[in-house]
Amino acid sequence: MKQKIRTIGLALTVIVVLVGLQRLLQPKYMGQVIEGAFIGEYYKETTPHDLLILGDCEVYENISPVALWEEFGITSYIRGSANQLPAQSYYLLEDTLRYETPRAVLFHVAAMKMEGQDREAYNRMTMEGMKWSSSKWNAICETKMEEEYMLEYIFPLLRYHSRWQELEADDFTYYWKRDIVSHNGYYMRCDVKPAEGFPAARRQASYHFPDSSWEYLNRMEALCREKGIDLILMKSPSQYPAWPEEYEAQIEEYAKEHNLLYINCLEKQEEIGLDFSKDTYNGGLHLNLYGAEKLARYLGGRLQEEIGLPDHRREEELQRVWEQKCGFYYEQQEKQEEELRTCGFLKQFQ
Amino acid sequence: MEELIEIMEEINPDVDYASCTGLIEEGIWTSFDLVMLITEIREQFGVAIPAERIVPENFNSAEAIFALIKELEEDD
Amino acid sequence: MAFVSYEFLAFLAVFVLVYYVLPGRFRWMVLLAGSLLFYLASGIRYIVFLLITCVSIFGLTLWMERIHLAGKEEMKNQGMKGEEKKAFRAKLKKRQKHVLQLGLFVNLGILAVVKYTNFAIWNVNQWLHFFGGEGEFGFVSWALPLGISYYTLQALGYLLDVYHGKYEAEKNPFRLLLFLSFFPQVVQGPVSRFDKLKETLFEEHAWFGQRICRGMERMLWGFFKKLVVADRVAPVVMAVGQNPEELGGIYVLAGMLAYTLQLYGDFTGGIDIAIGCGELFGVELPENFDRPFSAESLAEYWRRWHMSLMQWFREYVFYPLAGSKSVSRIRKLGERFFGKKAASRLPMYIASLITWFFTGIWHGASWNFVIWGMVNGVILLASQEAAPLYRRFHKAYAFSNTPVYHRFMTLRTLMMVSAVQMFEYYASPLTAIRMFGDLAFVWDIGRLFDGSAALLGITLADFAVLFLSVPLFCLVGAIQAKEDIRLWVERKSGLVRFLVWFGLFLAVLILGVYGQGYDKQNFIYNQF
């Protein structure tokens with residue numbers, strides 16, 4: 001009997017120590033790099049969203065959900081992540097459907113050209129935050145790079161153990177709980193760095209999107225059709241990387257074939273009202289807060305008109321929840337703008 | 001036997017060959033020492049010790065070496 | 001499949017399970033299946049070489065035995081005696097020798113071609129250039145079959161043992177195949193003797209929890225040495241070896257010691273994993289290391305380092321050479337020129353230098369390794385010649401027998417071994433020789449603190465881990481001098497046992513150099 005208790009005690013100690021160490025060594029994404037926290041934050045939502053936005057940085061840095069709410073009463077969430085691949089967008093959709101069924105899904109088409117992932121770190125930031133499910137498992141199997149192992153996703157300690165040398169104060173501060181860092185998946189930047197132009201895009205051997213991208217776009221389209229969700233394709237107005245005509249043609253054809261709304265914001269810059277000397281924080285790659293609000297206003301208008309996304313501003317519960325979100329949003333904006341006034345740059349992101 | 005001990009003392013003195021039984025195992029004799037011994041044995045006793053007989057059991061003591069020499073002499 | 005990989009651990013777990021689940025008489029077949037799978041995992045086509053070696057050795061040893069048995073029959077039938085018998089036996093031996101030579105030729109031939117072709121080509125090119133030739137031969141890009149240097153030696157050892165009648169040939173070719181391919185030892189040894197390994201390789205081993213635990217403990221220690229120490233110090237060695245211009249002076253010493261630490265951790269760690277792995281199946285592999293840095297002389301070091309290999313070379317190369325007729329003839333010739341006394345040393349010198357030549361070239365197909373081997377041989381011969389002087393020195397001076405002096409001898413041996421090893425990681429022997437100069441004369445210790453240490457490629461925290469590992473090794477060595485450290489730990493209280501093994505496990509898990517490392521820069525998203 002005593003032996004049994006001892007064994008159980010030992011086993012528990014082992015588990016507690018390992019879990020504790022794993023918690024300590026996993027990056028907290030509260031400092032310079034916060035994007036890794038985004039995917040996991042979705043699960044903290046308490047109210048449903050009519051619009052789900054999927055894609056890479058060109059959605060999570062370019063669209064403001066708060067603006068969508070304030071102007072149109074559209075509830076939205078951006079499940080975007082660094083260099084999100086179409087397969088990962090599909091599985092994130094599948095995952096979201098376990099929790100709610102949005103009325104519309106906006107998918108950013110720039111990732112269609114990706115054959116595989118560029119950097120292992122992006123995969124980690126996209127998939128680590130997902131809750132364990134068949135979607136997460138399949139997403140990892142489908143998109144993991146050669147040097148990645150499923151075992152390291154199951155036990156992140158195996159991936160991050162070498163951080164013992166790089167532990168920061170954040171690792172202790174945020175050991176138990178992490179703050180929310182995004183605004184329904186939006187990455188806020190208030191600084192301004194005007195666009196200066198980009199090198200001309202190099203001619204490629206082939207512009208055909210890889211088969212894997214088509215496969216997952218088709219699956220997304222089928223899943224949306226099955227659930228009665230409107231799938232909207234979009235290309236953001238970011239000036240780089242280039243979006244050549246050959247890519248455009250493939251998406252236009254697909255949208256026509258499947259009767260989907262396709263919004264190419266690059267062609268609507270005037271209507272959106274973008275001014276790339278003021279509305280970008282990194283020289284035209286991504287919009288800042290001011291640009292993101294403008295884009296949100298344009299998209300919100302089109303979506304409400306053409307898709308019929310309802311206006312929820314009169315509903316009490318949503319009002320309450322979104323009031324809090326807006327509070328946090330404006331607070332952050334003020335903080336950033338203040339810092340820009342005094343220091344000239346945002347310390348957190350340097 | 002005395003002849004043998006004489007040869008061994010020339011190669012590696014300071015060892016009590018009458019009683020020591022761990023010449024190889026205790027590292028008292030190196031493989032070089034052994035080669036010198038085998039060369040001398042060939043010269044003095046006319047016995048060629050084949051390589052496969054050079055194992056610790058046969059060389060751990062002067063007695064064992066002497067027994068080996070006798071055995072090989074008989075085979076001839 | 002490397003030992004240090006998730007795949008290997010999974011493979012091992014599965015096979016240990018299958019091994020103990022199946023009934024006893026199938027167990028060695030499980031080992032064979034596992035070993036073949038392990039071998040195929042390194043590349044499907046390489047198993048051809050292993051099979052050729054196995055089939056040739058199997059067939060040839062049986063042939064040798066048949067000659068022997070048929071000869072015995074004939075001797076009995078014809079009632080041979082005395083001189084006739086002796087002559088007939090000599091004839092039989094000669095026939096067997098031809099079979100032996102065929103076996104040696106085929107297998108050494110395979111090894112020579114597969115491993116040394118590029119070395120030969122390089123040398124041919126050098127000669128061509130020397131004689132003013134314009135062209136040069138291109139190198140081949142053949143990969144080495146897994147463990148060919150090791151299993152070939154095991155195969156030849158077996159062939160020679162059967163030739164000398166040490167034991168009977170194995171009649172079951174699959175058992176012989178298991179002997180050659182047993183996966184824990186195929187990667188880097190230890191080199192086993194068939195009669196010794198047979199005792200435990202084919203036996204039915206019952207599940208014995210304590211043995212399994214001990215095996216895992218040994219493997220864990222091996223992983224610690226490899227992952228936490230060897231792989232951590234590896235960048236330092238690479239930096240110093242590839243950048244002798246910038247990392248000269250005091251860094252030569254640093255690199256030299258780093259290499260010794262790396263080699264120790266990697267090799268003894270790998271062997272611990274191998275032997276521990278064998279223990280999981282109840283198979284006893286021979287020890288390869290016996291606290292090598294407790295040695296007080298280079299000769300003693302070589303009795304404690306890579307013991308299975310040294311024994312192989314001693315038994316199958318050194319002694320046969322020393323006692324061979326050709327060497328004897330050279331000695332007789334030498335007597336005429338140098339006198340009897342001096343000439344009696346010739347067998348030792350010739351056998352030694354030839355053996356060290358082959359030891360060197362076995363370690364690596366380049367002149368660096370040959371020189372390394374020969375330098376070792378020369379130092380050992382010099383020590384042998386100086387032995388009388390040492391004996392007088394130790395008799396005359398009392399302080400030379402104190403523990404302090406013995407520690408000095410240990411340190412001196414460590415330095416000597418490390419210094420000679422420099423030939424192994426500098427690109428050319430000439431660079432190594434130049435670096436010896438720095439080692440002896442350039443002691444700019446200040447350079448360690450002027451920031452240039454960053455060129456070594458590891459962090460301060462890494463250095464801290466390395467510096468702590470050395471006393472840990474010394475402590476373990478001190479305990480091992482008296483008993484197996486696992487038994488020593490087993491005698492301690494439950495809490496201590498838990499702390500030791502769980503602590504070691506955590507050390508490997510957290511401090512081990514595996515996976516992708518964490519470079520914050522990679523997580524900063526930028527599109528360029």
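All values below come from the heavy atoms of this structure, side chains included, with hydrogens, waters and symmetry mates left out. Naming: A, B, ... by sequence-line order, numbering from 1 per chain.
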Hey, is the main chain of B/Pro13 close enough, under 3.5 Å, to the side chain of C/Arg391 for a donor-acceptor pair?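 Pair absent, no side-chain N/O of C/Arg391 close to backbone of B/Pro13.
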Measure [X] against the heavy atoms of chain B and call it side chain, backbone, both or neither at under 4.5 Å.
X        : result
C/Leu380 : both
C/Leu321 : neither
C/Gln311 : neither

[X] atom [atom1]: more than 12 heavy-atom contacts under 6.0 Å:
X        : atom1 : result
B/Glu63  : CD    : no
C/Arg304 : CZ    : yes
C/Lys93  : NZ    : yes
B/Glu6   : CD    : no
C/Tyr405 : OH    : yes
C/Phe393 : CZ    : yes

Region of B/Arg42 in contact with chain C, defined by heavy-atom distances below 4.5 Å: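 Side chain of B/Arg42 only, per the 4.5 Å heavy-atom cut-off to chain C.
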Examine whether an atom of B/Ile41 lies under 4.5 Å from a heavy atom of chain C, and if so say whether it belongs to the side chain, the backbone or both; otherwise answer neither.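 Neither part; nothing is under 4.5 Å.
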Between C/Gln384 and B/Asp33, does the side-chain contact (heavy atoms from CB on, under 4.5 Å) criterion hold? Intermediate values first, please. CA-CA 8 Å; C/Gln384 176 78 4; B/Asp33 294 331; 2.6 Å; yes
Determine whether [X] and [Y] make a side-chain contact, defined as any pair of heavy atoms from C-beta on separated by less than 4.5 Å.
X       : Y        : result
B/Glu52 : C/Leu160 : no
B/Val55 : C/Glu315 : no
B/Phe32 : C/Phe318 : yes

Hey, mind stepping through C/Tyr319 and B/Leu34 against side-chain contact (heavy atoms from CB on, under 4.5 Å) and telling me if it holds? CA-CA 9 Å; C/Tyr319 288 137; B/Leu34 272 186; 3.0 Å; yes
Does the pair C/Lys340/B/Glu40 count as a salt bridge with the N-to-O cut at 4.0 Å?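 Here C/Lys340 does not pair with B/Glu40 in a salt bridge, since their nearest N and O are not under 4.0 Å apart.
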Closest approach of C/Ser344 and B/Thr39, non-hydrogen atoms and distance?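 Where C/Ser344 meets B/Thr39 most closely, the heavy atoms are O-CG2, 4.0 Å.
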